[in-house]
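Residues: numbered from 1 along the sequence shown. Since the model is a prediction, treat every value here as computed from it, not as a measurement.
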Amino acid sequence: MDDFYLGKYATGEAVRLCFAYKNLLAGGEPGSGKSGLEQTILAQAALCVDTKLIGFDGKLVELMQWADVFDVFVGPDMRKALATLLWVQRLMDARYAKMSALKLRKHVATAADPFWVISVDELAYFTSVAGNKVEQELFSALLRDIVARGRAAGIIVLAMTQRASWDIVPTALRDLFAYRWVGRCSTPGSSDVALGAGWVDQGYNAMNLDPAKPGDSFLLAEGGVPRRMRVAWMSDAEVAQVAAFAAQLRGRKTAV
């Protein structure tokens, strides 16, 4: 979780981020490179055999290649989604109780008590499409709590959305993410929803990114300013190879 490669900055430097105790929010229209970013991160997380993985995928197609690697996989099933988040919340509370007893400020990951990485592909599906209004609001509240408190407990959230709008990513949620990435957006407002209000006025407008260059994007890392970057890309065949190898490392039986 300490040194993940995401691509290259416009200056040519490698983009490397530590995901231990850090969450990431990614927004961008279809074809902007968001899926490439997600697959690149998951490929490296999957190879960390002392890391547990949970995937939420309302479309079933974005994360399906990792189905044999995920410890929990949630498709278009709101009840399972809520049950999973409630389980994660209980895990988080138990870890905080243990940390308090040991006078620790952060969870120390071990093979027996590892980091958990939660990847939510298309946040909007679970907060505005699936289920009813009560269930959508509960999903949002649980996710916000996990993003807010989970990182110190070793629970990391990767949240992806094509709909970077204030109703999908309210400020109270967005500002909890240490890392924010944005690919091309259709409006300046969507760019600011993903990165943070005011960055468009300072020249960081994802609407101006070249649609012919998927992965061309801005990355805001904790304590810095957005930097132009190009996301690394993996073909479907490469993703399948890494997923099969990761499943084997984890002692999973893969589908024939």
Side-chain angles (χ1 to χ4, degrees), residues 1-9 14-20 22-77 80-81 84 114-126 156-163 179-184 194 209 211-217 219 229-256:
M1 297 296 291
D2 291 334
D3 188 24
F4 280 28
Y5 175 76
L6 269 64
K8 288 188 176 182
Y9 288 115
V15 181
R16 296 187 180 277
L17 295 182
C18 172
F19 278 94
K22 302 288 177 67
N23 301 303
L24 177 139
L25 171 68
E29 63 185 29
S32 63
K34 178 170 49 61
S35 293
L37 176 72
E38 184 177 25
Q39 301 290 356
T40 297
I41 296 172
L42 283 177
Q44 293 167 87
L47 295 175
C48 299
V49 293
D50 56 352
T51 298
K52 299 288 189 179
L53 302 173
I54 299 176
F56 289 80
D57 184 1
K59 294 185 295 184
L60 282 178
V61 295
E62 291 293 340
L63 303 182
M64 184 53 71
Q65 291 200 77
W66 302 104
D68 293 322
V69 177
F70 284 125
D71 295 272
V72 181
F73 180 73
V74 181
D77 184 338
K80 184 175 181 180
T84 301
F115 281 108
W116 281 84
V117 177
I118 303 170
S119 184
V120 182
D121 191 85
E122 196 38 71
L123 181 61
Y125 177 82
F126 295 99
I156 313 305
V157 175
L158 312 173
M160 313 286 169
T161 185
Q162 297 176 5
R163 291 174 55 190
Y179 301 137
R180 300 173 210 158
W181 176 95
V182 64
R184 190 178 189 280
L209 295 173
K213 296 180 179 179
D216 190 14
S217 53
L219 173 68
M229 66 165 290
R230 188 76 178 272
V231 172
W233 181 80
M234 299 172 64
S235 68
D236 287 346
E238 289 170 331
V239 171
Q241 286 181 326
V242 175
F245 181 61
Q248 186 178 33
L249 282 178
R250 292 166 178 263
R252 307 284 171 76
K253 291 183 178 180
T254 58
V256 178

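- At least one side-chain heavy atom of Thr51 sits less than 4.5 Å from a side-chain heavy atom of Leu53.
- Checking side-chain atoms of Asp57 against main-chain N and O of Gly75 turns up no donor-acceptor pair under 3.5 Å.
- A donor and an acceptor atom, one from each side chain of Gln39 and Trp233, are nowhere located under 3.5 Å apart.
- Glu122 places a side-chain N or O within 3.5 Å of a backbone atom of Gln162 that can act as its donor or acceptor partner.
- Using the six-membered ring where Trp is involved, Phe19 and Phe4 have ring planes that are tilted, between 30° and 60° apart.
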Might you work through the side chain to side chain contact (heavy atoms under 4.5 Å, CB included) test for Met160 and Leu24, ending with a clear yes or no? CA-CA 8 Å; Met160 313 286 169; Leu24 177 139; 4.0 Å; yes
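- With contacts defined as side-chain heavy-atom distances shorter than 4.5 Å, the pair Pro76/Leu60 qualifies.
- Using a 4.5 Å heavy-atom threshold, the side chains of Ile156 and Lys22 count as separate.
- Of the possible donor and acceptor atoms, none in the side chain of Ser35 sits under 3.5 Å from a partner among the backbone N and O of Gly33.
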Passes salt bridge (charged side-chain N to carboxylate O under 4.0 Å, His left out), Asp71 versus Lys52? Steps please. CA-CA 6 Å; Asp71 295 272; Lys52 299 288 189 179; 3.6 Å; yes
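- Using a 4.5 Å heavy-atom threshold, the side chains of Ile118 and Leu158 count as separate.
- Checking side-chain atoms of Arg184 against main-chain N and O of Leu209 turns up a donor-acceptor pair under 3.5 Å.
- The closest side-chain heavy-atom distance from Arg230 to Tyr9 is not below 4.5 Å.
- Of the possible polar contacts, none joining the Tyr5 side chain to the Leu17 backbone as a donor-acceptor pair under 3.5 Å is found.
- Side-chain contact between Trp66 and Val69: present, with at least one pair of heavy atoms (C-beta onward) separated by less than 4.5 Å.
- Side-chain contact between Asp121 and Phe56: absent, with no pair of heavy atoms (C-beta onward) separated by less than 4.5 Å.
- Side chain of Arg250 to main chain of Asp68: no donor-acceptor pair is present (N/O by atom type, distance under 3.5 Å, no hydrogens or angles).
- Lys80 places a side-chain N or O within 3.5 Å of a backbone atom of Phe73 that can act as its donor or acceptor partner.
- Of the possible polar contacts, none joining the Asp50 side chain to the Pro114 backbone as a donor-acceptor pair under 3.5 Å is found.
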